[in-house]
Trainee: 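Pasting a structure below so you can have a look.
These numbers come from the heavy atoms of this one structure, side chains and all, not from hydrogens, waters or symmetry mates.
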Amino acid sequence: MRNLSAQTAGNACTIKWMFGAPEILNFLREGHIEEGSTIKVIQNFCGNMIVSAQGRQFAVSKDIADRIKV
């Protein structure tokens, strides 16, 4: 298992688990970023990322990306 922040642009990966503040996790889950879902890395700049899940794009900070394991 690796951190999401270690993935390169163009990779599609399945989320194994994630942890963090409940408010942030709820926001991500509303956007279909949750355990078992597949996301695609659009951009990774020093761990700060843009990811796509079910046709929606999200900016994810390095702190959050480090807490998502794929």
Side-chain angles (χ1 to χ4, degrees):
M1 245 184 310
R2 297 177 58 191
N3 293 343
L4 178 62
S5 61
Q7 300 300 311
T8 58
N11 283 358
C13 42
T14 302
I15 297 175
K16 304 294 184 199
W17 59 269
M18 52 190 205
F19 64 97
E23 309 84 41
I24 294 172
L25 293 176
N26 288 337
F27 174 78
L28 292 173
R29 288 183 176 121
E30 288 173 8
H32 304 288
I33 296 176
E34 55 194 345
E35 292 87 350
S37 64
T38 300
I39 60 172
K40 183 175 181 181
V41 177
I42 297 174
Q43 182 179 0
N44 183 348
F45 180 72
C46 299
N48 297 307
M49 311 183 82
I50 298 174
V51 297
S52 174
Q54 293 191 353
R56 297 177 64 189
Q57 288 78 34
F58 296 89
V60 180
S61 72
K62 182 177 182 344
D63 293 338
I64 300 300
D66 284 342
R67 295 176 182 179
I68 299 174
K69 304 296 182 183
V70 294

Trainee: Passes side chain to side chain contact (heavy atoms under 4.5 Å, CB included), Leu4 versus Ile64? Steps please.
Mentor: CA-CA 9 Å; Leu4 178 62; Ile64 300 300; over 6 Å; no
Trainee: Quick one: does Asn48's side chain have a donor or acceptor within less than 3.5 Å of a partner on Lys62's backbone?
Mentor: yes
Trainee: Indicate if Leu25 and Val51 have the same hydrophobic cluster label, given that clusters are the connected sets of ILVMFWY residues with side-chain heavy-atom separations under 4.5 angstrom.
Mentor: yes
Trainee: Once you round to the nearest 0.5 Å, how far does CZ of Phe45 lie from CD1 of Ile50?
Mentor: 11.5 Å
Trainee: Could you pull out the closest heavy-atom pair between Thr14 and Thr38, with the gap in Å?
Mentor: OG1-OG1, 3.5 Å
Trainee: List the atom of Gln57, the atom of Gly55, and the distance in Å for their closest heavy-atom pair.
Mentor: NE2-O, 3.9 Å
Trainee: Which atoms form the tightest heavy-atom contact between Gly47 and Ala65, and what is the distance?
Mentor: O-CB, 3.9 Å
Trainee: Following the transitive rule for hydrophobic clusters with a side-chain heavy-atom cut-off under 4.5 Å over Ile, Leu, Val, Met, Phe, Trp and Tyr, establish whether Val70 and Trp17 coincide in one cluster.
Mentor: no
Trainee: Would Met49 end up clustered with Ile42 when hydrophobic side chains under 4.5 Å apart are linked, directly or stepwise?
Mentor: no
Trainee: Side chain to side chain contact (heavy atoms under 4.5 Å, CB included), that's the test. Do Lys69 and Glu35 meet it? Break it down for me.
Mentor: CA-CA 9 Å; Lys69 304 296 182 183; Glu35 292 87 350; over 6 Å; no
Trainee: List the steps and the verdict of side chain to side chain contact (heavy atoms under 4.5 Å, CB included) for Arg29 and Met18.
Mentor: CA-CA 11 Å; Arg29 288 183 176 121; Met18 52 190 205; 4.0 Å; yes
Trainee: Check the pair Leu28, Ile68 against side chain to side chain contact (heavy atoms under 4.5 Å, CB included), reporting the backbone distance first and the verdict last.
Mentor: CA-CA 11 Å; Leu28 292 173; Ile68 299 174; 4.2 Å; yes
Trainee: If you take all heavy atoms of Ala53 and Gly31, which pair is closest and at what distance?
Mentor: CB-O, 3.9 Å
Trainee: If Ile, Leu, Val, Met, Phe, Trp and Tyr residues are connected whenever their side-chain heavy atoms lie under 4.5 Å apart, and connections chain through other members, are Ile24 and Ile15 in the same group?
Mentor: yes
Trainee: Roughly how far apart are Cys13 SG and Ile39 CD1, rounded to 0.5 Å?
Mentor: 4.5 Å
